[in-house]
There are 2 protein chains.
Amino acid sequence: MFIYFCIVEDLVNPSDLTKPPTSKGMQTADRVRRAALKLFARYGYAAVSMRQIAGEVGVQPGALYNHFRTKQDILKDLMLTHMADLIAAWDTELEHAASTCDPLETFTRFHIRYHLERADAVFVSYMELRNLEPENFRSVEAERRRYESILTNILAQGAADGRYVIDDPKVTTRALIAMLTGIPTWFRNGGGLSRAEVEDLYTALARKAVSAHPAGKETGERMA
Amino acid sequence: MFIYFCIVEDLVNPSDLTKPPTSKGMQTADRVRRAALKLFARYGYAAVSMRQIAGEVGVQPGALYNHFRTKQDILKDLMLTHMADLIAAWDTELEHAASTCDPLETFTRFHIRYHLERADAVFVSYMELRNLEPENFRSVEAERRRYESILTNILAQGAADGRYVIDDPKVTTRALIAMLTGIPTWFRNGGGLSRAEVEDLYTALARKAVSAHPAGKETGERMA
DNA sequence: AAAATAAATGAACATTCATTCATTTACAAT
DNA sequence: ATTGTAAATGAATGAATGTTCATTTATTTT
């Protein structure tokens with residue numbers, strides 16, 4: 001029974017920032033989360049055993065069940081926590097961002113930065129959707145839609161103001177988010193490009209994608 | 001030993017189009033492929049057992065080993081076959097496509113069409129990369145790079161001709177392919193949009209993304 | 001039709017799986 | 001310091017895992 005209490009509290013108080021959790025129990029729960037995230041990201045949820053997680057934590061398998069009811073609960077916890085953290089991070093971004101900047105650029109740069117920083121959590125949340133039991137899937141999907149609606153609103157507003165030209169804001173949202181979310185699959189630190197360069201390149205792509213350029217039959221020979 | 005022979009022949013002669021393979025053995029091998037593809041796409045490689053595949057085929061588990069040496073071999077076969085079919089399909093597309101059309105548009109429409117038609121194979125080839133043993137992974141990755149280079153060449157050529165404005169053809173390739181490959185995750189037949197409409201929308205996005213529009217600080221109020 | 005080979009069976013193999021539990025150890029509050 | 005509770009152990013549960021194999025049944029080839 002105390003387990004349920006613990007999990008609920010973890011969701012209310014996401015664990016990623018408050019590094020030193022109070023009690024011993026919270027501390028190991030956090031180590032379990034970290035170990036599971038690492039292993040799930042590398043090998044996939046279905047391919048990772050509770051024994052592996054326990055081994056990574058440095059504990060016997062049975063001990064995991066003091067903190068999570070089931071393996072599925074660990075996955076659910078990781079994914080819901082990630083979505084909550086992502087949306088919370090966007091909210092604080094909004095507070096600090098200059099309102100003079102193009103909101104699409106703000107979003108693009110935020111999304112790239114966040115997804116490169118938290119590559120593991122992003123990857124797991126993206127790949128393991130089908131391993132969620134139906135109810136957990138619905139919860140995560142709801143958060144995902146909430147996040148997508150942020151960009152949809154930016155696009156719709158920009159289109160209404162005439163700053164962007166967009167056929168279908170929802171489809172454009174999915175297109176842009178898929179484009180941006182693909183970055184962590186190939187980006188490597190120390191590769192050919194810095195994070196800032198990647199930000200710049202993708203921001204340019206995104207802004208052009210919603211620009212007025214009609215892309216009819218004329219080929220744009222004329223330089224700006 | 002004959003098993004190895006069989007697999008090699010299957011790779012030389014991809015099995016997706018030649019519906020009725022000659023012998024009984026080839027026939028069941030094909031049913032195994034189909035069953036595995038369906039199950040891997042739905043539940044993921046690691047979560048699908050050989051017994052499930054056998055059940056779907058309507059055969060005992062041991063019978064699978066007359067056609068594939070291991071479970072891993074089924075996955076490798078599916079992914080390599082898919083990549084070969086994809087590239088072959090592009091080659092025939094090139095023969096039939098009007099050379100007057102913008103090559104980026106040709107590629108975009110082809111990619112979307114193919115990826116919506118073969119959603120299962122695409123999904124498996126995309127999601128199960130990490131479940132490939134190192135050697136198989138390298139084989140599949142090589143094919144993937146080969147496919148990406150098609151778009152990279154189109155972009156580089158267009159940029160050289162001044163028809164496109166592109167900072168980095170390789171990065172733009174990844175961005176566009178990620179954008180396009182994301183479609184099957186949300187597109188559903190009978191949904192709000194037809195395939196043709198999706199093709200049109202994404203083609204417009206892709207063409208604008210490589211257009212000259214500088215996206216500086218001026219907001220593009222002016223209509224074309 | 002007979003001989004040779006391919007394909008399928010059904011039972012078994014040793015491992016590994018997620019989870020449970022009585023018990024011991026470590027911690028927190030009094 | 002003592003007491004109550006939280007956390008970890010270590011062993012066990014039954015079920016499921018990929019794969020093997022001697023044998024039987026189909027399908028080719030001669």
Exercise for the section: State which residues pass side chain to side chain contact (heavy atoms under 4.5 Å, CB included) with B/S194; sequence neighbours excluded, sorted by chain then number. Expected result: B/A196, B/E197
Handout entry: Output field: ring centroids B/F107/B/W90 closer than 6.0 Å
Key = yes
Validation: residues 169-177 of chain A side-chain donor-acceptor distances under 3.5 Å, sequence neighbours left out:
unit_1, atom_1, unit_2, atom_2, d
A/T172, OG1, A/D168, O, 2.8
A/T173, OG1, A/T152, N, 3.4
A/T173, OG1, A/T152, OG1, 2.8
A/T173, OG1, A/P169, O, 2.7

Problem - Close residues, residues 41-51 of chain B, relative to DNA chain C [heavy-atom separation under 4.0 Å] - result: B/R51
Handout entry: Given D/dT19, D/dA8, C/dA8, the nucleotide with the shortest approach to the side chain of B/T70
Key = D/dT19
Fill in the blank from the handout: Heavy atoms of A/A206 and A/T108 approach each other most closely as CB-OG1, 4.0 Å
Practice task
Verify the distance criterion only: is there a donor paired with an acceptor across the side chains of B/H115 and B/Y126 at less than 3.5 Å?
Solution key: no
Practice task
Compare all side-chain heavy atoms of B/R42 with those of B/V48 and state whether any distance is below 4.5 angstrom.
Solution key: no
Exercise for the section: Check the distance between C/dG10's P and B/Y65's OH and give it to me in whole angstrom. Expected result: 18 Å
Problem - hbond_proxy B/N66 side chain to C/dA6 base (donor-acceptor, 3.5 Å cutoff) - result: no
Exercise for the section: Report the distance from atom CZ of B/R31 to atom C1' of C/dA8, rounded to the nearest whole Å. Expected result: 11 Å
Problem - Per-nucleotide pairing state of DNA chain C [Watson-Crick or G-U, under 3.5 Å; [ ] pseudoknot-crossing; | other strand] - result: |.||||||||||||||||||||||||..||
Considering only nitrogen or oxygen atoms on both sides, find all protein atoms under 3.5 Å from nucleotides 23-30 of chain D and state each distance.
none

Practice task
Would you indicate, yes or no, if D/dA8 has its OP1 or OP2 atom less than 4.0 angstrom from a side-chain nitrogen or oxygen of A/H67?
Solution key: yes
Problem - By salt bridge (charged side-chain N to carboxylate O under 4.0 Å, His left out) - contacts of B/E148 (at least two apart) - result: none
Exercise for the section: Apply side chain to side chain contact (heavy atoms under 4.5 Å, CB included) to A/R188 and list each qualifying residue two or more places apart in sequence or on a separate chain. Expected result: none
Exercise for the section: Tell me which residues in residues 53-64 of chain A put a heavy atom below 4.0 Å from DNA chain C, sorted by number, or none. Expected result: A/G62
Practice task
Mind jotting down which residue pairs meet the ring pair (Phe, Tyr, Trp, His ring centres under 6.0 Å) criterion with at least one end in residues 180-207 of chain B? Sequence neighbours excluded, please.
Solution key: none
Exercise for the section: Indicate whether any N or O donor in one side chain lies under 3.5 Å from an N or O acceptor in the other, for A/Y65 and A/R69. Expected result: no
Practice task
Not counting sequence neighbours, list each pair that qualifies as a salt bridge (Lys or Arg N to Asp or Glu O under 4.0 Å) and has a residue in residues 49-67 of chain A.
Solution key: A/K38-A/E56
Handout entry: Test side chain to side chain donor-acceptor pair (under 3.5 Å) applied to A/S125 - qualifying residues, sequence neighbours left out
Key = A/H82
Exercise for the section: Round to the nearest Å and state the distance from B/M26 atom CE to C/dA7 atom P. Expected result: 8 Å
Problem - salt bridge (charged side-chain N to carboxylate O under 4.0 Å, His left out) partners of B/R130, counting only residues at least two apart - result: A/E128
